[in-house]
Amino acid sequence: MTNDIKEVLLTEEQIKAKVKELGRQLSREYAGKDPVFVGVLKGVVLFFADMIRQIDIPCQIDFMWISSYKGANSSGMEVRRDVSADLKGRHVVILEDIFDTGNSLDFTYQHLLSKEPASLKICTLLDKPERRNPKVTLQPDYVGFVTPNEFVVGYGLDFNEHYRNLPYVGVLKPEAYE
Ligand code: IMP
Ligand code: MG
């Protein structure tokens with residue numbers, strides 16, 4: 001599996017340090033607000049589990065699962081599994097693995113906004129601004145790392161559902177996906 005990696009972009013140590021920093025920041029900014037952290041499955045699982053352990057204030061966790069579909073007449077995004085908590089009046093932070101074109105986070109954001117939270121922010125491990133859909137004006141509020149326009153795997157991110165278990169973020173060799 002590691003033979004398929006061309007280059008390690010973010011080491012375990014770099015990720016760990018960044019997660020600690022983001023955890024401190026969120027703990028400070030959400031103190032006394034009992035926030036709900038909503039993870040978007042599946043890519044976020046490793047980041048989510050590490051982040052939540054760096055939050056040292058009372059909080060709640062929840063999950064959503066969305067997927068894109070292509071029907072005969074339309075295509076778009078759908079909610080496969082919705083959050084279970086009532087988000088009305090709550091301070092909500094979406095945790096995501098990557099903000100790429102922004103399409104899926106835009107969808108997730110609008111979906112959660114309709115539940116009338118008191119506030120709604122986005123924390124993403126990776127941001128790939130070069131790939132942004134120009135129609136998406138939404139911006140992530142908390143970013144771990146800005147990454148170059150390359151397809152990355154590991155630390156939850158997949159290619160064909162593989163490589164999620166790598167403890168670091170790396171760039172795949174072209175022969176691994178060709
Ligand atoms: P979006 O393009 O911002 O809507 O991102 C959609 C989803 O594509 C993300 O949540 C990831 O699951 C996946 N994705 C985007 N870029 C990458 C990448 O470089 N590696 C692995 N998955 C990616
Ligand atoms: Mg994802």
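Indexing begins at 1, ligand by ligand and atom by atom, following the structure's order. Side-chain atoms are counted along with the backbone in the values below, which use heavy atoms only and exclude waters and symmetry mates.
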message: Within the 3.5 Å criterion, strictly below it, is a donor on Tyr155 or Asp50 matched to an acceptor on the partner's side chain?
response: yes
- prompt: Looking only at distance, does Leu157 have an N or O less than 3.5 Å from an N or O of ligand 1?
  reply: no
Asp100 neighbourhood, listing ligand 1 atoms whose heavy-atom distance to it stays under 4.0 Å: 1 (P), 2 (O), 3 (O), 5 (O), 15 (C), 16 (N)
task: Number the atoms of ligand 1 from 1 as they appear, then name those within less than 4.0 Å of a heavy atom of Glu150, with their elements.
output: 19 (O)
- prompt: Side chains of Tyr142 and Glu29: donor-acceptor distance under 3.5 Å anywhere?
  reply: yes
query: Sub-3.5 Å donor-acceptor pair from the side chain of Arg131 to the main-chain atoms of Pro148, do we have one?
result: no
task: Answer yes or no for Arg131: is there a heavy-atom contact with ligand 1 below 4.0 Å?
output: no
message: I'd like to know whether ligand 1 has Gly102 as a neighbour, heavy-atom separation below 4.0 Å.
response: yes
query: Is ligand 1 less than 4.0 angstrom away from at least one heavy atom of Asp97?
result: yes
message: Closer than 4.0 angstrom, basic N to acidic O: yes or no for Arg81 and Asp62?
response: yes
message: Heavy-atom contact check, 4.0 Å cutoff: does Leu105 meet ligand 1?
response: no
- request: Find all atoms of ligand 1 within a distance of less than 4.0 Å from any non-hydrogen atom belonging to Asp158, and give their numbers and elements.
  value: 21 (C), 22 (N)
message: If the cut-off is 4.0 Å to any non-hydrogen atom of Asn103, which atoms of ligand 1 fall inside it?
response: 3 (O), 4 (O)
task: Give the atoms of ligand 1, by number and element, whose distance to some non-hydrogen atom of Lys128 is under 4.0 Å.
output: 16 (N), 17 (C), 18 (C), 19 (O)
task: May I ask you to check whether His111 and Asp82 show a side-chain donor-acceptor distance below 3.5 Å?
output: yes
query: So if you build clusters from Ile, Leu, Val, Met, Phe, Trp, Tyr with side-chain heavy-atom gaps below 4.5 Å, do Val136 and Val146 land together?
result: no
query: Should the pair Lys128 and Phe99 be classed as cation-pi, given the thresholds of under 6.0 Å to the six-membered ring centre and 45° from the axis?
result: no
